[in-house]
Number of protein chains: 2
Amino acid sequence: MTHASVESPLSTRDVILDSAQDFIQSFGYVGFSYRDVAAAIGIRAPTIHYYFPTKADLGRAVAERYGARFRAVRDEACAAASPTKALEIYAQLFRESLANRDRVCLFGMLMAGGKGAPDGVQEAAIAFFDENIDWLAARFDEARAARDADLGSVPPRHAAKMFFAGLEGAMVVANASRRLADFDDAAGALLGMWKRAPL
Amino acid sequence: MTHASVESPLSTRDVILDSAQDFIQSFGYVGFSYRDVAAAIGIRAPTIHYYFPTKADLGRAVAERYGARFRAVRDEACAAASPTKALEIYAQLFRESLANRDRVCLFGMLMAGGKGAPDGVQEAAIAFFDENIDWLAARFDEARAARDADLGSVPPRHAAKMFFAGLEGAMVVANASRRLADFDDAAGALLGMWKRAPL
DNA sequence: GTCTATAAGATGATAGAC
DNA sequence: GTCTATCATCTTATAGAC
């Protein structure tokens with residue numbers, strides 16, 4: 001074991017990605033420039049072109065890393081949890097991003113800038129959305145099978161789409177209002193609805 | 001009665017607002033320019049400055065008009081409807097914007113571009129979100145009082161925040177995936193959850 | 001790898017003719 | 001009211017020195 005990810009200082013490439021992600025989550029893809037990133041991390045703009053020839057390349061790299069990281073964090077955080085507990089932890093992951101860093105889901109931000117996002121990013125966003133909805137649908141399915149959730153006539157996959165869309169929307173609303181309670185109330189309702197009739 | 005709104009051709013000001021709204025809903029506030037709008041409607045860019053001295057003025061005017069229009073359309077469409085039917089119609093309003101014009105909620109778009117939006121727009125967005133959540137909370141409250149909805153232990157206002165956030169998020173997801181079913185499934189679950197146990 | 005210098009074009013905005 | 005002409009600034013991106 002090399003401990004590379006623990007010991008090695010952040011490479012220039014990683015620092016660029018960190019800063020670019022930060023800017024995209026704050027101002028969107030069209031709302032930041034190479035100069036912004038360069039100034040933020042103390043290098044010159046053309047240096048970024050060495051790592052990411054075009055802005056689209058940078059956008060795609062940020063999106064790719066974010067998707068992989070979110071998936072890893074989610075799977076690790078929910079590994080030992082029951083289906084219903086996993087849903088709570090999942091909502092908590094979004095809440096922490098909002099509460100600790102004032103940041104909204106990267107793909108929510110990227111897709112709200114819709115037709116302005118570079119080629120490849122929309123496909124990555126769809127993949128991210130689909131993978132998360134698949135994952136959530138599996139949890140709803142397990143919860144229902146274990147009689148931990150009463151979805152009534154709502155298919156688990158539809159509940160998953162509702163849950164995911166609800167969290168994405170709640171992040172946008174709460175980020176605008178600057179009231180974390182707006183997120184908590186919506187997430188609480190999302191989690192409280194189907195456990196209304198505990199068995 | 002003058003029929004002014006029916007007879008008069010669209011003023012330059014209105015045409016500018018229409019086009020600007022279109023661009024904002026497609027590319028976000030930072031994603032369009034005066035030249036884009038001018039080219040789209042067949043005038044020259046400086047003409048826009050005559051009506052809206054700065055881009056921030058234009059952004060604020062689009063936001064203001066959108067909020068007032070949405071409220072009027074909503075109130076008219078739901079005037080004669082039962083509380084639960086009103087919620088269905090409300091969801092339908094968002095669906096139509098997505099299905100007919102490929103457009104997402106203006107304020108969702110504006111706030112996703114977060115810190116890039118001009119002064120005044122964030123306040124307008126919060127007001128829009130709050131007013132809609134108030135309106136939805138009143139419908140959930142009426143529906144519960146009429147025993148048309150079983151919210152369990154979820155407060156009507158929390159259900160309203162969930163419902164609104166769910167629709168906003170579903171628009172973003174469905175707009176990205178270009179699958180209207182993603183919106184319909186989420187909206188269906190949002191509408192189907194609390195009517196699970198019809199009385 | 002990171003820099004300076006710079007190109008080529010877009011941007012918000014203004015001045016002033018008509 | 002709408003135009004042409006123009007400005008200062010910012011944008012992405014490249015060439016080439018170190």
Side-chain angles (χ1 to χ4, degrees), chain A residues 4 8-64 109-110 113-122, chain B residues 4 8-64 109-110 113-122:
Chain A
S8 67
L10 287 174
S11 67
T12 299
R13 196 190 132 93
D14 289 333
V15 175
I16 292 169
L17 284 172
D18 287 344
S19 179
Q21 178 177 326
D22 229 56
F23 273 109
I24 294 174
Q25 285 181 295
S26 292
F27 303 97
Y29 177 76
V30 281
F32 83 101
S33 71
Y34 271 41
R35 276 177 162 80
D36 292 331
V37 172
I41 63 179
I43 62 171
R44 300 303 191 143
T47 302
I48 303 176
H49 285 285
Y50 173 80
Y51 296 96
F52 307 98
T54 71
K55 194 183 176 185
D57 292 323
L58 177 54
R60 278 187 288 267
V62 169
E64 193 177 338
M109 204 67 174
L110 242 18
K115 293 149 184 140
D119 283 352
V121 165
Q122 179 163 351
Chain B
S8 67
L10 287 173
S11 68
T12 299
R13 197 191 131 93
D14 289 332
V15 175
I16 292 169
L17 284 172
D18 287 344
S19 179
Q21 178 178 327
D22 229 56
F23 273 110
I24 294 173
Q25 285 181 296
S26 293
F27 303 98
Y29 176 76
V30 282
F32 83 101
S33 71
Y34 271 42
R35 281 173 170 78
D36 291 331
V37 171
I41 63 179
I43 61 172
R44 300 302 192 146
T47 302
I48 304 176
H49 285 285
Y50 173 79
Y51 295 97
F52 307 98
T54 72
K55 193 183 177 185
D57 293 322
L58 177 55
R60 277 187 289 267
V62 169
E64 193 176 339
M109 204 68 172
L110 242 17
K115 292 146 185 143
D119 283 351
V121 165
Q122 180 163 351

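Chain letters run A, B, ... following the sequence lines, proteins first and then strands; every chain starts at 1.
- No donor-acceptor contact under 3.5 angstrom links the side chains of B:Ser19 and B:Asp22, judged on distance only.
- Contact detail for A:Met109 and A:Gln25: the closest heavy-atom pair is CE-O, 3.4 Å.
- Between A:Tyr51 atom OH and C:dG1 atom P there is a gap of 6 Å when expressed in whole angstrom units.
- Here the side chain of B:Tyr29 pairs a donor or acceptor atom with the backbone of B:Ala56 at under 3.5 angstrom.
- With B:Tyr34 contributing its side chain and B:Thr54 its backbone, the two residues share a donor-acceptor pair below 3.5 Å.
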*asked:* Protein within reach of the bases, or only the backbone? For nucleotides 11-18 of chain D, mark each nucleotide 5' to 3' as B, S or -, using heavy atoms under 4.0 Å.
replied: BBBB----
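- Contact record, A:Leu110 with A:Ala63: CD2-CB, 4.2 Å, taken as the closest heavy-atom pair.
- Taking atom CD1 on A:Ile48 and atom C1' on C:dC3, their separation rounds to 13 Å, with Å as the unit.
- At least one side-chain nitrogen or oxygen of A:Thr12 sits closer than 4.0 Å to the OP1 or OP2 atom of C:dT2.
- Pairs engaging residues 38-61 of chain A under the salt bridge (charged side-chain N to carboxylate O under 4.0 Å, His left out) rule: A:Asp57-A:Arg60 [sequence neighbours left out].
- For the pair B:Thr47 and D:dC3, the criterion of a side-chain N or O lying under 4.0 Å from OP1 or OP2 is met.
- Look at B:Tyr50 and you won't find any side-chain N or O under 4.0 angstrom from OP1 or OP2 of D:dT2.
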